[in-house]
Amino acid sequence: MKKTYKIAVLPGDGVGPEVTAQSVKVLETVSEKYGHDFVFKEGLIGAAAIVKTKNPLPEETLELCRRSDAVLFGAVGDPMFDNNPGAKIRPEQGLLKLRKSLNLFANLRPVKVYPDLMDLSPLKNDRIKHVDLLVVRELTGGIYFGEPRKRKDGGTTAIDTSVYMKSEIERAAKIAFDLAMRRKKKVTSVDKANVLETSRLWRKTVGEVAVKYPAVVLTHLFVDNAAMQIIKRPADFDVILTENMFGDILTDEASVIAGSIGLLPSASIGDEYALYEPIHGAFNRAAGKNIANPIGAILSDAMMLKISFHLQKEASAIEGAVEKFISDGFRTMDIADKNTHRSKILGTGETGNKISVYIFN
Ligand code: IPM
Ligand code: MN
C-alpha cells in the first residue's frame, strides 16, 4: 500500500504564505512524478495567528504538528510588533514555543555556492568557490530560553539568562559529529569560553563527545574570531557547531557567501519531530508582491524528503531542478543583476512553476 506522508504547513507572516505555496507546489509535482501521497494541512502561527486567536501558537497548530510526519514552515514577524517593544504577545514567540514544544534541538543550515551566482557575493570568487559548509545551531537552549528573563527596578533594568545543561550540549554535538562523518570530517565548535561559563561547559562537553569520533578533526573558535574567519576563509569550514544565539547571528552572516539569504533552506530536528523552513524571515515589505525568492523554501522540501522521509532520489530531483533553473539563467529579483535580461527575472509563483517543470521532465 502507498505510504501517506502527513505534512503540516504553517505559512505564517509576510512572504511566508507565498514561499510555502511554492514548496507545496513542488511537493505536489514530486508526488505526481514519483507516485507518493503527500497530505497537506494548514495551521496558524505568528502574527497571522495573533490576529485570529490572540495566540502566536494556537494549541490546534501544535496538535496538528504533533500528528504530522513533518512540518513545513514559512516565516513569522510583523513590523507592527517590531516597532512596539512594549507588546506582550509577539509573532516570534510562536516559532520559539513550537521549537521548544517539539524539542527541535538542532537546526541544520547548509551554505553552498552556485557557480553562476558567485558574483552576487560581496566576497571574492576564489575565496567562495569551494564553500560547502553546514552550521549546526543548538535551538532550544541558551539565552533564548533561560530564566529569569524580566524587567526590574521599575522597568529600568532588563535581565536575560543563558543556561546550558551538559545533556543539551551533548545531543547537539552528536548530531554535528554524525553529520561530519558523512562530510569532510571537520567540526569547528564556536563559543565564547574566554568569557562565558556556559561556553566553558560547551567547550569541555564538545571535547568529550569528540573522543567518540576519532576520525573527525575538532577545532574550537571564539565567536568573535569565528565571525571573522567565516568571511576570510569560508572554504576551510565543514561543520560549524554552535549555541543558539551565536548560530542565529553566524548563519545570517554566512548567507552572504551564497549571495542571497533567499536561497538557503534549513531543517530543525529533534528525536521525534522535524520542521523545515527557509532561513530568511517574513520580509514584510515584499509581502503580496510576488517578488520573494521561494528557493530557500523549495530546498527545504528537499531537506524534508531526505531527512524525514528518506526519499533521496526525490530530494536530488528538487536540488537538480533548482541548479538547472539557475544555470539556465533564470533569476528572482534578489539574485538578478544589471546583466540579467528582464525576461529571465521571474516572480515567486513563476519560479515555483518553472522548478516544477524541471522536476517533472
Ligand atoms: C531564525 C529567526 C528566529 C530566531 C526568530 C524569528 C525568532 O531569526 O530562525 O533565525 O531568532 O531564531
Ligand atoms: Mn535568524
Side-chain angles (χ1 to χ4, degrees), residues 10-17 19-20 23 44-50 55-57 61 65 71-85 87-111 134-146 149 160 162 164 168 172 190 223 226-227 230 240-258 260-270 273-287 292-293 296-297 299-300 303-304:
L10 313 184
D13 308 323
V15 299
V19 298
T20 44
S23 33
L44 286 169
I45 194 163
I50 297 175
N55 181 352
L57 180 67
T61 300
C65 295
V71 181
L72 260 185
F73 176 86
V76 286
D78 192 295
M80 198 164 80
F81 297 91
D82 298 344
N83 303 329
N84 174 12
K88 286 247 158 14
I89 308 176
R90 320 184 63 85
E92 289 79 4
Q93 290 161 349
L95 178 57
L96 296 175
K97 187 169 170 213
L98 185 61
R99 287 171 178 169
K100 194 74 175 175
S101 309
L102 300 180
N103 200 18
L104 306 171
F105 58 80
N107 181 218
L108 318 184
R109 298 187 163 182
V111 179
L134 170 67
V135 179
V136 177
R137 167 187 175 193
E138 198 290 326
L139 203 57
T140 50
I143 200 162
Y144 271 60
F145 293 98
R149 42 200 299 105
D160 289 294
S162 182
Y164 266 111
E168 294 174 311
V190 174
V223 62
I230 286 172
I240 297 174
L241 164 66
T242 191
E243 63 99 63
N244 203 345
M245 186 155 79
F246 297 160
D248 179 45
I249 299 167
L250 293 180
T251 49
D252 264 38
E253 186 195 20
S255 78
V256 307
I257 297 168
S260 170
I261 198 167
L263 294 165
L264 300 183
S266 83
S268 302
I269 61 176
Y273 303 102
L275 175 149
Y276 300 86
E277 62 170 310
I279 87 160
H280 64 75
F283 191 22
N284 291 273
R285 269 174 299 123
N293 187 346
L299 291 174
S300 300
M303 292 190 87
M304 181 179 87

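Atoms within each ligand, like the ligands themselves, are counted from 1 in listed order. Because the structure is a prediction, the values reported are computed rather than measured.
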A.B. asks: Show which atoms of ligand 1 fall inside a sub-4.0 Å distance from at least one heavy-atom site of E92.
C.D. replies: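 What qualifies from ligand 1 is 6 (C), 7 (C).
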
A.B. asks: Could you point out which residue of L95, V71, L98, L139 forms a side chain to side chain contact (heavy atoms under 4.5 Å, CB included) with S268?
C.D. replies: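 Of the listed residues L95, V71, L98, L139, the side chain to side chain contact (heavy atoms under 4.5 Å, CB included) partner of S268 is L139.
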
A.B. asks: Under 3.5 Å between any N/O of Y144 and any N/O of ligand 1: does that happen in this structure?
C.D. replies: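 Yes: some nitrogen or oxygen of Y144 is under 3.5 Å from one in ligand 1.
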
A.B. asks: Around the Mn ion (ligand 2), what protein N, O or S atoms are found below 2.8 Å?
C.D. replies: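 Hits for the Mn ion (ligand 2) below 2.8 Å: D248 OD1.
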
A.B. asks: Can you list everything that forms a side chain to side chain contact (heavy atoms under 4.5 Å, CB included) with F283? Sequence neighbours excluded, please.
C.D. replies: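 For F283 the side chain to side chain contact (heavy atoms under 4.5 Å, CB included) partners, ignoring immediate neighbours, are V15, R285, A286.
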
A.B. asks: Side chain or backbone of M245 under 4.0 Å from ligand 1, or both, or neither, by non-hydrogen atoms?
C.D. replies: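 Neither part.
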
A.B. asks: Give a yes or no answer on whether the side chain of N284 reaches the backbone of G77 with a donor-acceptor pair at less than 3.5 Å.
C.D. replies: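 Flag set: sc N284 to bb G77 pair under 3.5 Å.
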
A.B. asks: Would a 4.5 Å heavy-atom cut-off, applied to side chains only, mark V223 and I249 as touching?
C.D. replies: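 No, too far: nothing below the 4.5 Å cut-off.
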
A.B. asks: Less than 3.5 Å apart, any donor N or O on the side chain of T140 or E138 sitting next to an acceptor on the other?
C.D. replies: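 Distance-only check passes for T140 and E138.
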
A.B. asks: Dump the intermediate steps for side chain to side chain contact (heavy atoms under 4.5 Å, CB included) on F246 and I240, then the final yes or no.
C.D. replies: CA-CA 11 Å; F246 297 160; I240 297 174; over 6 Å; no

A.B. asks: To which protein heavy atom is atom 9 (O) of ligand 1 closest, and what is the distance rounded to 0.1 Å?
C.D. replies: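 Protein heavy atom at minimum distance: R99 NH2, 2.7 Å.
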
A.B. asks: Tell me the contacting part of R90 for ligand 1: side chain, backbone, both, or neither, using a 4.0 Å heavy-atom threshold, strictly below.
C.D. replies: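 Answer for R90: neither.
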
A.B. asks: Which one of Q93, R109, E277 has a non-hydrogen atom at the shortest distance from atom 1 (C) of ligand 1?
C.D. replies: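 It is R109 that holds the nearest heavy atom.
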
A.B. asks: Which of the numbered atoms in ligand 1 are below 4.0 angstrom from a heavy atom of R137?
C.D. replies: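 The list of qualifying atoms is 1 (C), 4 (C), 9 (O), 10 (O), 11 (O), 12 (O).
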
A.B. asks: Under a 3.5 Å distance rule, please check whether T61 uses its side chain to pair with a backbone N or O of L44 as donor and acceptor.
C.D. replies: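 Checking the backbone N and O of L44 against the side chain of T61, a donor-acceptor pair under 3.5 Å is found.
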
A.B. asks: Closer than 3.5 angstrom, by distance alone: can the side chain of Q93 be matched with the main-chain N or O of K88 as a donor-acceptor pair?
C.D. replies: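 Confirmed, Q93 side chain pairs with K88 backbone.
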
A.B. asks: Can you confirm, on distance only, whether ligand 1 has an N/O atom lying under 3.5 Å from any N/O atom belonging to D248?
C.D. replies: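 Yes, at least one N or O pair falls under 3.5 Å.
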
A.B. asks: Would the distance check show the side chain of D13 and the main-chain N or O of A47 forming a donor-acceptor pair, the cut-off being under 3.5 Å?
C.D. replies: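 Such a contact is found between D13 side chain and A47 backbone.
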
A.B. asks: Below 4.0 Å, non-hydrogen atoms only: which portion of H280 touches ligand 1? Side chain, backbone, both or neither.
C.D. replies: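 For H280, there is no contact with ligand 1 at all, from either part.
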
A.B. asks: Whether the side chain of R149 engages the backbone of I143 through a donor-acceptor N/O pair (distance < 3.5 Å, no angle test) should be reported.
C.D. replies: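 Flag set: sc R149 to bb I143 pair under 3.5 Å.
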
